[in-house]
Amino acid sequence: MPDTPTGKLVEDFMAALAGDADAHRAFIEARFTPDLLAVADMDQHVSMFAQLAADFGGQPVTGFTATATQARITVFAAGLGEHLAITFDTTAGDPVRIAGLQTG
């Protein structure tokens with residue numbers, strides 16, 4: 001990952017996916033915007049993270065691009081047998097926060 005705030009966000013995201021539910025919760029609380037947090041309750045966010053972790057947690061990032069408002073990574077989803085793109089809508093600043101998240 002590049003040594004940038006967005007690169008750090010991706011590193012932190014992948015590290016959280018490799019962790020347990022407490023690591024997922026800590027990342028969500030620290031790196032999601034208030035608007036994204038308001039979309040669902042914390043149990044739903046943690047459940048979504050658990051699914052992402054099952055799909056590609058612990059796998060290396062195989063592609064990375066970023067703009068001022070978005071980052072896109074590619075990760076091999078072993079359980080699915082394919083590479084998946086993950087797109088983050090991001091905020092400016094340090095730390096960068098996730099305002100939206102899409103897979104596929």
Side-chain angles (χ1 to χ4, degrees):
M1 288 301 100
D3 186 18
T4 63
T6 304
K8 178 67 173 147
L9 171 73
V10 171
E11 286 178 359
D12 292 349
F13 174 78
M14 295 305 291
L17 285 182
D20 61 11
D22 289 336
H24 300 171
R25 182 181 306 274
F27 178 86
I28 292 163
E29 290 172 345
R31 288 307 197 87
F32 279 23
T33 63
D35 287 345
L36 184 56
L37 283 171
V39 169
D41 67 32
M42 184 56 71
D43 288 340
Q44 290 171 311
H45 285 298
V46 171
S47 176
M48 184 248 340
F49 244 67
Q51 182 60 55
L52 294 174
D55 289 344
F56 51 79
Q59 297 294 319
V61 173
T62 57
F64 174 89
T65 59
T67 67
T69 60
Q70 202 170 66
R72 183 179 172 106
I73 62 172
T74 307
V75 180
F76 184 70
L80 302 174
E82 63 184 320
H83 288 269
L84 286 180
I86 304 163
T87 304
F88 306 89
D89 295 324
T90 59
T91 63
D94 189 8
V96 171
R97 297 187 189 280
I98 298 174
L101 179 69
Q102 302 89 37
T103 61

Student: For residues Phe27 and Leu17, determine if any side-chain heavy atom of one lies less than 4.5 Å from a side-chain heavy atom of the other.
Tutor: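 Phe27 does not reach Leu17 side chain to side chain.
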Student: Can you give me the closest heavy-atom contact between Gly19 and Ala23, atom names plus distance?
Tutor: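 Reported closest heavy-atom pair: CA-CB, 3.9 Å.
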Student: A side-chain contact here means heavy atoms from C-beta on lying under 4.5 Å apart; do Leu52 and Leu101 qualify?
Tutor: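 With C-beta onward as the side chain, the pair touches.
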Student: When you measure from the side chain of Glu29 to the backbone of Ala26, do you find a donor-acceptor pair of N or O atoms at a distance under 3.5 Å?
Tutor: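 Not confirmed, Glu29 side chain does not pair with Ala26 backbone.
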Student: Could you tell me whether the side chain of Thr62 and the main chain of Thr74 form a donor-acceptor pair under 3.5 Å?
Tutor: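 Pair found, side chain donor or acceptor close to backbone of Thr74.
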Student: Could you tell me the separation between the CE atom of Met48 and the OG1 atom of Thr103, rounded to the nearest 0.5 Å?
Tutor: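 Interatomic distance, Met48 CE to Thr103 OG1, rounded to 0.5 Å: 9.0 Å.
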Student: If we check side-chain contact (heavy atoms from CB on, under 4.5 Å) with Gln70, which of these qualifies: Thr65, Asp89, Thr6?
Tutor: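 One option only clears the test, and that one is Asp89.
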Student: May I ask you to check whether over 12 heavy atoms, not counting those of Asp41, lie within 6.0 Å of atom CG?
Tutor: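 Check passes, neighbour count above 12.
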Student: Is the shortest side-chain heavy-atom distance between Arg31 and Lys8 below 4.5 Å?
Tutor: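 Yes, side chains in contact.
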Student: CZ of Arg97 to CG of Asp35: how many Å apart, nearest 0.5 Å?
Tutor: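 With rounding to 0.5 Å, CZ (Arg97) is 12.5 Å from CG (Asp35).
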Student: Do the rings of His45 and Phe32 sit parallel, tilted or perpendicular, given the 30° and 60° boundaries?
Tutor: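 If you compare the ring of His45 with that of Phe32, the planes turn out perpendicular.
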Student: Quick check: do Ile73 and Phe88 have side-chain heavy atoms less than 4.5 Å from each other?
Tutor: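 Ile73 vs Phe88: side chains touch.
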Student: Do you know the tightest heavy-atom contact between Pro2 and Phe64?
Tutor: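 Heavy-atom minimum between the residues: CG-CE2, 3.3 Å.
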Student: Would you check if Leu84 and Val75 make a side-chain contact, meaning some heavy-atom pair closer than 4.5 Å?
Tutor: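 No, their side chains stay 4.5 Å or more apart.
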Student: Show the nearest heavy-atom pair for residues Ala16 and His24, with the distance to one decimal.
Tutor: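 Reported closest heavy-atom pair: O-CD2, 2.9 Å.
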Student: Which label fits Phe13 and Phe49: parallel for a plane angle under 30°, tilted from 30 to 60°, or perpendicular past 60°?
Tutor: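 Geometry flag for Phe49 against Phe13: perpendicular rings.
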Student: Nearest 0.5 Å, what's the CG-CD1 distance between Leu36 and Ile98?
Tutor: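 Between Leu36 CG and Ile98 CD1, I get 7.5 Å after rounding to 0.5 Å.
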Student: Taking all non-hydrogen atoms of both residues into account, name the closest pair between Thr90 and Ala68 and its distance.
Tutor: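 Closest pair (atom of Thr90, atom of Ala68, distance): OG1-O, 3.9 Å.
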Student: Side-chain heavy atoms nearer than 4.5 Å, only ILVMFWY residues, links allowed to pass through others: does that put Phe56 and Phe76 together?
Tutor: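 Different clusters.
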Student: Do the side chains of Asp43 and Arg25 get nearer than 4.5 Å, heavy atoms only?
Tutor: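 Result yes, sub-4.5 Å side-chain heavy-atom pair found.
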